[in-house]
Amino acid sequence: MNFFRLVADLMHLASIFILLLKIQKTRSCAGISFKTQLLYAIVFVTRYLDLFTTWISLYNTIMKIFFIASSVYILYLMKYKFRATYDPILDTFRIEFLLAGSLVLALIFNYDFVPMEILWSFSIFLESVAILPQLFMLSRTGEAETITTHYIFALGGYRALYLCNWLWRYIFDGHVDVYAWVAGIVQTALYSDFFYIYYTKVLHGKKFELP
Amino acid sequence: KKKEHKKDEL
């Protein structure tokens, strides 16, 4: 564990709490893409299958269980409790392509051609593009509640800090994980426009609006 | 040949 990874994980954790806070405080999931949330639930379930096979640490286990449980809980909130506040008309990104593309990539790029490894690769590739329906929704509405932008920022920042973590681990441990690196770079790059507007608008006390 | 690949991250 190094500083970057710890802060990254805490940001990831924070992003989920911010999202839950947004939904509970405003009693609405307006502005949140159900499709992105669905993709994250798939990402966590397919990646953390090793909960049943490998013990890493208490920290690792608790975080994995939390990520799976919270993602399913958010789906429940959006699909049932606050269903009336969700606008499917704005959430029209075609996730079939993301799922199919990630699966094809996982079948080609994996550390071993066995179901667990293929699903792990699939989750890495799917995570890198899972934010797209949310960003697409943002571009359709052209604006967002400030708390929603904090959520997206924390979620994007987590993977950006993982890039620092991977550089650290490569230098000090010789740790190499090419698939995660490439996917992490793509994931962070997808946020770059968002980061720019977040920095120039939200952090200067203005509303998040697309130019 | 399989690469050594430990998955200890989240």
Side-chain angles (χ1 to χ4, degrees), chain A residues 1-2 4-6 8-13 16 40 43-44 46-51 53-57 59-68 109-114 116-117 119-121 123-124 127 158-159 161-163 165-166 168-169 173-181 183-184, chain B:
Chain A
M1 181 62 74
N2 58 60
F4 299 112
R5 194 167 143 201
L6 181 64
D9 286 346
L10 293 178
M11 268 181 98
H12 197 182
L13 210 54
I16 293 167
Y40 280 121
V43 163
F44 294 138
T46 51
R47 187 177 309 165
Y48 298 156
L49 290 171
D50 64 352
L51 271 172
T53 61
T54 320
W55 174 264
I56 294 157
S57 66
Y59 169 84
N60 190 277
T61 300
I62 290 173
M63 293 288 260
K64 283 174 174 170
I65 292 171
F66 176 81
F67 286 135
I68 293 174
F109 304 105
N110 54 67
Y111 289 111
D112 198 0
F113 203 77
V114 295
M116 281 268 289
E117 288 292 335
L119 285 173
W120 181 87
S121 279
S123 83
I124 289 288
E127 180 185 345
Y158 129 78
R159 220 48 175 173
L161 280 176
Y162 255 78
L163 298 180
N165 155 56
W166 290 325
W168 179 281
R169 293 191 75 179
D173 305 328
H175 177 86
V176 176
D177 191 335
V178 178
Y179 303 150
W181 291 354
Chain B
K1 209 196 293 184
K2 274 182 232 166
K3 256 182 273 177
E4 185 60 41
H5 182 245
K6 59 175 184 193
K7 295 187 187 68
D8 55 357
E9 292 179 344
L10 291 164

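Please read these numbers as outputs of a predicted model, since none were measured by experiment. Numbers restart at 1 for each chain; the letters A, B, ... are given by sequence-line order, proteins then strands.
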Between A/Phe44 and chain B, with a heavy-atom cut-off of 4.5 Å, which part of the residue counts as in contact: side chain, backbone, both or neither? neither

B/Lys7 side chain near A/Glu117 side chain, heavy-atom distance below 4.5 Å: yes

Part of A/Asn60 lying under 4.5 Å from any heavy atom of chain B: both

Side chain, backbone, both or neither: which part of A/Trp166 has a heavy atom under 4.5 Å from chain B? side chain

Flag the pair A/Arg5 / B/Asp8 as yes when at least one side-chain heavy-atom distance between them is below 4.5 Å, and no otherwise. yes

For a 4.5 angstrom cut-off between non-hydrogen side-chain atoms, does B/Leu10 reach A/Tyr59? yes

Salt bridge (Lys or Arg N to Asp or Glu O under 4.0 Å) between B/Glu9 and A/Arg169: does it pass, once the steps are laid out? CA-CA 12 Å; B/Glu9 292 179 344; A/Arg169 293 191 75 179; 2.7 Å; yes

